[in-house]
Visitor: 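Dropping the structure in here first, questions after.
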Amino acid sequence: MSSEVRVPTLGESVTEATVATWFKQPGDTVAVDEMLCELETDKVTVEVPSPVAGTLSEIIAAEGETVGVDALLAMVSEGAEGTKGAPEPKSDNDDAPKAVDAGAADVKLRESENIDVMVPTLGESVSEATVSTWFKKVGDTVAQDEMLCELETDKVSVEVPSPAAGTLTEIVAEEGSTVEASGKLAVISSGADAGAKASAPASEQAPAAAKSASSGKDVEDAPSAKKAMAEAGLSRDQVTGTGRDGRVMKDDVTKAIEAGKTASAPAPAAAAPRAPVSADDASREERVKMTRLRQTIAKRLKDSQNTAAMLTTYNEVDMTEVMALRSEYKDLFLKKHGVKLGFMSFFTKACVHALHEVPEVNAEIDGTDVVYKNFVHMGIAAGTPSGLVVPVIRDADAMSFAGIEKAIAEKGARARDGKLSMAEMQGGTFTISNGGVYGSLMSSPILNPPQSGILGMHKIQDRPMAIGGEVVIRPMMYLALSYDHRIVDGKGAVTFLVRVKEALEDPRRLLMDL
């Protein structure tokens, strides 16, 4: 019986890949989940495992070929069929050469099993993570699904559970080290002698590790990388490979070219120097490395300022009607829908209403094109102990008040617990940021690229207002719309903010779509 090996899902908006390297050749014996080949897309490198144990009988897509999603890559023959291409069938004893050295070793293999703990899927466009914390140490007994360590990417934190019950015998990636997607983190021994294995010094694995590292020099580089190196005039020793066993990938060549440009370019202006610090003050300082999430937040915000022609326009809204409506129906709303009626659903509805009238605020620039979104995926900025994250409520324009409130409550809880997935923070078309919960009276929010608009909400504060020729006290809120002036004109930005104001000051307009 033969099984097909096909191209896996490559991620959002990625439809094809290049076959970079085959790790196996026709006739080779393969185990379940053993890596057969490596695919290279314009965003990530994807390893393709064998779906079954058997023999690689045929390679359909050779190295260098471009293949689409679900395209046929190879055929693997299972069971007895898998041995047809071999010169001689192996006996049971031939399959266990390690057992020849000592009889006790064979017993050991039966009693216990080494299980690798691998880096889980990190999400689209995320290729590496930092090991932030190990909850267990070598020699500790672990239960299946018990948390072993926590990884930190530039977007989310990921907890890694134990794949089996046993003893943690080796930690491959220490705290602070950077690991690639599908990289090896640790080894778990399950079985009777797992505890004995835990006492083995880690140095025993050093020769094997060194051998693996040195073998990278004999590994064939990705065809696309070879072509890129030839076009750029780079030699192999000028590029650091980050692929499997140190092979050079196309991204590595791109990084090497950029590094060369940086070296030859004039040195950028140095960061502002720190003020002089006395020895006594220095002894009382604490230096903490920025988390990957905080580094990414800093980089994205600065990139937003450098890329977009960002401008902010302001207005204020009288919250009297919204507060009255909320006060009148909040108990009935909670009883029927099981969730509290907050202000965010009103603002989300008002923004959706305004985005329909001013679609350029819900668009983005792609090269020389403007991409208009005929849907609203609303990003709701949320502060967490690790930093600011923006979970996305998809198709918010088609949701009810109750649906929006439930989605906001659920996403907010997951954000605070660090449980948001990559998919939950991608694809937003517009963002709302509520600085008012922290007491902010006025601020200018920064765009969340590639979006063209973000609405900043602020603190509700009683202020004297002139209404009908009289001075009255009203609950007022300042609104701020930051927008990309490359795509949104001043008229459109002001119109958007006025429509939000009108919808909130007379919520009946939302029901009438006015």
Side-chain angles (χ1 to χ4, degrees), residues 8 23 30-36 38 44-51 53 98 108-124 126-213 215-216 242-246 291-292 417-422:
F23 306 137
V30 296
V32 177
D33 293 333
E34 186 175 4
M35 294 306 162
L36 297 178
E38 197 167 48
V44 294
T45 299
V46 180
E47 291 183 334
V48 181
S50 174
K98 293 182 180 179
K108 190 171 187 177
L109 287 171
R110 292 197 301 268
E111 290 180 346
S112 66
E113 179 183 4
N114 281 346
I115 300 172
D116 291 338
V117 181
M118 310 299 288
V119 176
T121 302
L122 300 173
E124 180 191 348
V126 181
S127 59
E128 63 180 21
T130 299
V131 181
S132 59
T133 308
W134 275 100
F135 305 131
K136 297 289 183 178
K137 61 181 183 296
V138 173
D140 285 355
T141 301
V142 296
Q144 185 169 353
D145 294 331
E146 186 176 4
M147 292 305 161
L148 297 177
C149 67
E150 188 174 52
L151 307 180
E152 196 175 74
T153 75
D154 55 0
K155 296 182 179 178
V156 292
S157 295
V158 180
E159 290 184 334
V160 180
S162 174
T167 301
L168 181 61
T169 57
E170 181 187 0
I171 291 178
V172 178
E174 299 290 344
E175 289 185 4
S177 60
T178 299
V179 291
E180 295 184 358
S182 300
K184 186 176 177 180
L185 293 169
V187 178
I188 298 288
S189 286
S190 63
D193 66 335
K197 286 191 175 186
S199 62
S203 58
E204 292 181 5
Q205 281 91 26
K211 181 178 179 182
S212 175
S215 65
T242 60
R244 185 183 178 92
D245 298 327
T291 63
R292 292 178 65 87
D417 295 338
K419 303 296 185 183
L420 286 174
S421 67
M422 293 299 305

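Values below: all heavy atoms of this structure, side chains included; hydrogens, waters and symmetry mates excluded.
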Visitor: side-chain contact (heavy atoms from CB on, under 4.5 Å) between F135 and L148: does it pass, once the steps are laid out?
Guide: CA-CA 5 Å; F135 305 131; L148 297 177; 5.9 Å; no
Visitor: At their closest point, which heavy atom of W134 faces which heavy atom of E175, and how far apart are they?
Guide: N-OE2, 2.9 Å
Visitor: For E34, which residues count as a salt bridge (Lys or Arg N to Asp or Glu O under 4.0 Å) partner, sequence neighbours excluded?
Guide: K24
Visitor: Taking it one step at a time, do T169 and V138 satisfy side-chain contact (heavy atoms from CB on, under 4.5 Å)?
Guide: CA-CA 5 Å; T169 57; V138 173; 5.6 Å; no
Visitor: Could you give me the CA-CA distance, side-chain angles and deciding distance for I171 and V131, then say whether side-chain contact (heavy atoms from CB on, under 4.5 Å) is met?
Guide: CA-CA 11 Å; I171 291 178; V131 181; over 6 Å; no
Visitor: Could you walk me through whether I188 and N114 satisfy the side-chain contact (heavy atoms from CB on, under 4.5 Å) test, starting with their C-alpha distance in whole Å, then the side-chain angles of each, then the deciding distance to 0.1 Å, before giving a yes or no?
Guide: CA-CA 6 Å; I188 298 288; N114 281 346; over 6 Å; no
Visitor: Tell me the closest heavy-atom pair linking A31 and S50, and the distance in Å.
Guide: O-CB, 3.5 Å
Visitor: When you compare the side chain of V160 with that of V119, does any pair of heavy atoms fall below 4.5 Å?
Guide: no
Visitor: Which residues pass the side-chain hydrogen bond (donor to acceptor under 3.5 Å, both in side chains) test with E146, sequence neighbours left out?
Guide: K136
Visitor: Using every non-hydrogen atom in the two residues, find where P8 and V48 come nearest and quote the distance to one decimal.
Guide: CD-CG2, 4.0 Å
Visitor: Looking at every heavy atom in both L151 and A129, which two are closest together, and how far apart are they?
Guide: CB-CB, 4.1 Å
Visitor: What pairs with D145 under salt bridge (Lys or Arg N to Asp or Glu O under 4.0 Å), at least two apart in sequence or on another chain?
Guide: none
Visitor: How would you list, by chain and number, every residue that makes a side-chain contact (heavy atoms from CB on, under 4.5 Å) with V172, sequence neighbours excluded?
Guide: E170, K184
Visitor: List the atom of S162, the atom of A143, and the distance in Å for their closest heavy-atom pair.
Guide: CB-O, 3.5 Å
Visitor: What pairs with D33 under side-chain hydrogen bond (donor to acceptor under 3.5 Å, both in side chains), at least two apart in sequence or on another chain?
Guide: none
